[in-house]
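Down below is the structure, laid out as C-alpha cells.
The chains referred to below are lettered A, B, ... by the order of the sequence lines, with proteins before strands, and numbering in each begins at 1.
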Number of protein chains: 2
Amino acid sequence: MHTCTDAFDCFVSRVLPKRTGPETVRLFRTLGSHVHLKPDRHLHYPDDEPTLVFLCDGATKLVAHASDHREQVLAFHFTGDLLTLPAHGAHSYTLEALVDCDLMTFPYAQFLQAAEKHQQVLTQLLERSTVSLQRSREKTLTLGRKSALERVSSFLLSMAERIGRGEGSEVKLDLPMSRKDIADSLGLTIETVSRQFTLLRDQGLIRTQGRSGVTLLRVDELDRRAGHLRVAA
Amino acid sequence: MHTCTDAFDCFVSRVLPKRTGPETVRLFRTLGSHVHLKPDRHLHYPDDEPTLVFLCDGATKLVAHASDHREQVLAFHFTGDLLTLPAHGAHSYTLEALVDCDLMTFPYAQFLQAAEKHQQVLTQLLERSTVSLQRSREKTLTLGRKSALERVSSFLLSMAERIGRGEGSEVKLDLPMSRKDIADSLGLTIETVSRQFTLLRDQGLIRTQGRSGVTLLRVDELDRRAGHLRVAA
DNA sequence: CGATGGCTTGATCCCGTTCAATGGATGTGG
DNA sequence: CCACATCCATTGAACGGGATCAAGCCATCG
C-alpha cells in the first residue's frame with residue numbers, strides 16, 4: 001500500500017471539482033491510499049469505521065457475510081465508481097476484486113471533514129450515495145418478490161446499462177463475474193442461474209460466447225421477463 | 001395539502017442547523033408542503049422527479065410495485081425520519097401511512113439547490129442517506145440468504161432498535177404494521193410470518209399481546225436465530 | 001494436448017407457498 | 001355493556017420452485 005500519483009490523479013479528475021485549490025488536493029492526498037488488488041483478493045480495511053473507496057480501474061463486488069459461511073453480493077462496482085464500505089455490525093463486509101483493480105481508499109470520517117468546505121464534493125457524494133441506494137432498493141424488490149428467471153433477466157438488463165456495448169438493437173456484455181458471483185448476488189445457486197441462462201438462450205433472447213460473453217438479443221422481451229412495469233422502448 | 005406552521009417548525013428544528021438565518025427558513029418554507037395522511041392512504045407525488053419527505057409524526061412504509069400486483073416493502077419509517085422517494089423507473093414506488101401521519105414534502109432538486117449553501121444540511125442528508133443505504137444492504141442480505149425464521153428474527157431485532165422500549169432485559173414493541181406488511185417487507189407470505197411468530201413464542205423468545213404487541217424476552221437468542229455474526233452482549 | 005476448475009444438465013428433496021378452514025381481536029349498534 | 005360482525009391472524013394439508021446432490025461437459029491455461 002503506497003501513494004501512487006497515477007491513481008490519485010484519476011481520483012482528482014473524476015471526483016474533485018475542476019477548480020480545486022492545490023492545498024485542498026494536497027490534503028486529500030495525505031488522507032488517501034492507493035491499493036492494487038489482484039482478482040479474488042479482498043481489501044483489508046479497519047472494521048470499526050467506514051471507508052470510502054474510489055475505483056480507478058477494474059471491477060469489484062461488495063460482499064456481506066452472515067453466519068454459516070453464507071455470502072450475499074450486495075453490489076458490483078466498475079471503473080469510476082465511488083463507494084462506502086460500512087463498519088461491521090451484525091454482519092461483516094468485504095470488497096473483493098473481480099479483475100485487476102486500482103483503487104484509492106480514504107477513512108470516511110476524515111474524508112467527510114475535508115470535504116465539508118467543498119459542497120461540490122459533498123453534493124457528489126450525496127448523488128452517488130443516492131444512486132447506490134436506488135440500486136439497492138431495486139435489488140430488494142428483486143430478491144423479495146421475483147422468480148429465478150426474473151432475477152437473472154433483471155441482472156442482465158442492469159449489467160447492460162452499466163457495462164453494455166450497444167450494437168444496433170443488440171447489447172454485448174463481457175461479464176467480469178463468475179456464475180457463483182451472479183448467484184450470490186441474486187440469492188440463488190449456481191445451478192439455478194445456469195438453468196435460467198439456458199432457458200433464455202433456448203428462447204432466443206440471449207446468445208452466450210464462452211464463460212463471460214453474453215449478447216442481449218431482445219431487450220424488450222427481457223424487460224418483460226424481468227417483471228418490469230414499464231418496458232424499454 | 002396546505003402550509004402548516006406546526007409541521008414545518010418540526011422540520012426546522014429537526015433538520016435545519018440551529019442557527020439558520022430567517023431568510024433561509026423562509027426559502028425552505030416556500031418549497032415545502034405539509035400533508036396529513038390517514039392510515040392506508042398513500043402520498044401522491046410527481047412520478048418523474050424525486051421527492052424529499054420529512055416524517056414529522058407517524059409511521060409509513062415505502063412500497064415498490066412490480067408487474068402482476070406484487071409488492072415489496074422497501075423500508076419502514078418513523079417519526080423524525082427523512083427519506084427520498086425515487087422517480088419511477090422500471091418499477092413504481094408509493095409511500096403509505098401505517099397510522100395517522102404528518103409529513104413535509106419537498107421537490108428534491110429544489111431542496112438540494114436551497115441546501116447547497118448550507119453544508120450542515122447537506123451533511124445531514126448524506127448521513128441519513130448512508131443510514132438508509134446501510135439498512136437496505138442489511139435487508140438485501142436478509143432477503144437473499146436467510147430462512148423464514150432468520151428473517152422474522154432479524155425484523156424483530158431491527159424494530160427493537162428503532163421503536164423498542166427496553167424494560168430490564170426485555171424489549172417491548174408496539175408494531176404499527178400488519179402481518180401483511182411484515183410479510184411484504186421480508187419477501188414471505190402472511191402465513192409463513194405467522195408460523196415463525198408462533199415458533200418463537202413456543203420457544204419462549206417472545207411474548208405477543210394482541211395484534212401489535214410483542215415483547216422480546218431473549219435478545220441474545222434472537223440474535224442467534226437471526227444469523228448474526230456477532231451476538232449482542 | 002492434457003489437466004483443471006468452472007459451467008451445464010439431471011434426479012430428488014425440502015422449505016415456503018398456496019389453498020382452505022378456524023380462531024380471535026377490534027369496533028359498532030342495540 | 002354485551003352481542004355480533006368484520007377483518008386479520010393462526011393453523012392445517014397439499015403443492016411446487018429452487019436447493020441439494022451427483023455426474024458429465026467444455027472453456028481456459030499450462
Side-chain angles (χ1 to χ4, degrees), chain A residues 38-40 61 66 68-73 98-100 142-156 173-203 206-214 225 227, chain B residues 38-40 61 68-72 98-100 142-156 173-203 206-214 225 227:
Chain A
K38 295 205 178 305
D40 290 323
K61 57 176 173 177
D68 218 10
H69 301 282
R70 287 173 295 180
E71 298 192 346
Q72 172 68 41
V73 171
L98 299 171
V99 299
D100 275 274
T142 298
L143 295 186
R145 285 286 173 248
K146 291 192 179 179
S147 69
L149 183 62
E150 289 175 313
R151 294 184 199 198
V152 171
S153 303
S154 292
F155 167 79
L156 288 173
L173 284 176
D174 200 20
L175 298 177
M177 68 289 283
S178 68
R179 295 286 187 272
K180 175 89 169 64
D181 293 328
I182 300 174
D184 283 346
S185 161
L186 298 178
L188 300 170
T189 58
I190 303 173
E191 294 92 327
T192 301
V193 170
S194 182
R195 277 183 253 268
Q196 310 315 313
F197 269 86
T198 304
L199 246 151
L200 291 173
R201 194 181 331 106
D202 290 351
Q203 296 179 1
I206 65 172
R207 198 184 310 128
T208 54
Q209 299 108 334
R211 276 168 187 168
S212 61
V214 182
R225 297 290 189 288
Chain B
K38 294 205 179 306
D40 290 325
K61 56 176 174 177
D68 218 10
H69 300 284
R70 287 172 296 179
E71 298 192 347
Q72 173 67 41
L98 299 172
V99 298
D100 275 274
T142 298
L143 296 186
R145 284 287 173 247
K146 292 192 178 177
S147 69
L149 184 61
E150 290 175 313
R151 294 184 198 197
V152 172
S153 303
S154 293
F155 167 78
L156 288 173
L173 282 176
D174 200 20
L175 298 177
M177 68 289 282
S178 68
R179 295 287 186 271
K180 175 86 169 66
D181 292 328
I182 299 173
D184 284 346
S185 161
L186 298 178
L188 299 170
T189 58
I190 302 174
E191 294 92 327
T192 302
V193 171
S194 182
R195 278 184 253 267
Q196 309 316 312
F197 269 84
T198 303
L199 245 152
L200 291 173
R201 197 186 322 111
D202 290 350
Q203 294 180 2
I206 65 172
R207 197 185 309 129
T208 54
Q209 298 108 335
R211 276 169 188 166
S212 60
V214 182
R225 297 290 189 291

Distance in angstrom units between [X] [atom1] and [N] [atom2], rounded:
| X | N | atom1 | atom2 | answer |
| --- | --- | --- | --- | --- |
| A/L200 | C/dT9 | CG | P | 13 Å |
| B/D181 | D/dC7 | CG | P | 17 Å |
| B/K180 | D/dA9 | NZ | C1' | 14 Å |
| B/F197 | D/dC8 | CZ | C1' | 13 Å |
| A/L186 | D/dA19 | CG | P | 10 Å |
| A/L175 | D/dA27 | CG | P | 16 Å |
| B/L199 | D/dG12 | CG | P | 12 Å |
| B/R179 | C/dG24 | CZ | P | 15 Å |

Using only atom types and a distance under 3.5 Å, with no angle test, would you say the side chain of [X] pairs donor to acceptor with the backbone of [Y]?
| X | Y | answer |
| --- | --- | --- |
| A/R145 | B/E71 | yes |
| A/D181 | A/S178 | yes |
| A/S154 | A/E150 | yes |
| B/R151 | B/K146 | yes |
| B/S153 | B/L149 | yes |

Heavy atoms under 4.0 Å, any strand shown: does A/S194 hit a base, just sugar-phosphate, or nothing? base
pair B/L186-B/T192: side-chain heavy atoms closer than 4.5 Å: no
Is any side-chain heavy atom of A/T142 closer than 4.5 Å to one of A/F155? no
So, is A/T198 near the phosphate of C/dT9, with a side-chain N or O under 4.0 Å from OP1 or OP2? yes
Look at atom CG of A/D202 and say whether more than 12 heavy atoms of other residues, nucleotides or ligands are closer to it than 6.0 Å. yes
Could you point out which residue of B/Q203, B/R195, B/R201 forms a side-chain contact (heavy atoms from CB on, under 4.5 Å) with B/L199? B/Q203
Which atom of B/V99 lies closest to which atom of B/P176, heavy atoms considered: CG1-CB, 4.1 Å
Summarise how protein sits on nucleotides 10-19 of chain C as a single string, 5' to 3': B when a protein heavy atom is under 4.0 Å from the base, S for sugar-phosphate-only contact, - for no contact. BB----SBBB
Write down the protein N/O and nucleotide N/O pairs, taken from nucleotides 2-5 of chain C, whose separation is under 3.5 Å; answer none if there are no such pairs.
| residue | atom | partner | partner atom | Å |
| --- | --- | --- | --- | --- |
| C/dG5 | N2 | A/R211 | NH2 | 2.7 |

Take the C1' atoms of the five end pairs on each side of the helix from C/dT8-D/dA23 to C/dG30-D/dC1, get both axes, and report the angle to 10 degrees. 40°
With no hydrogens and no angle check, do the side chains of B/R179 and B/S194 hold a donor and an acceptor under 3.5 Å apart? no
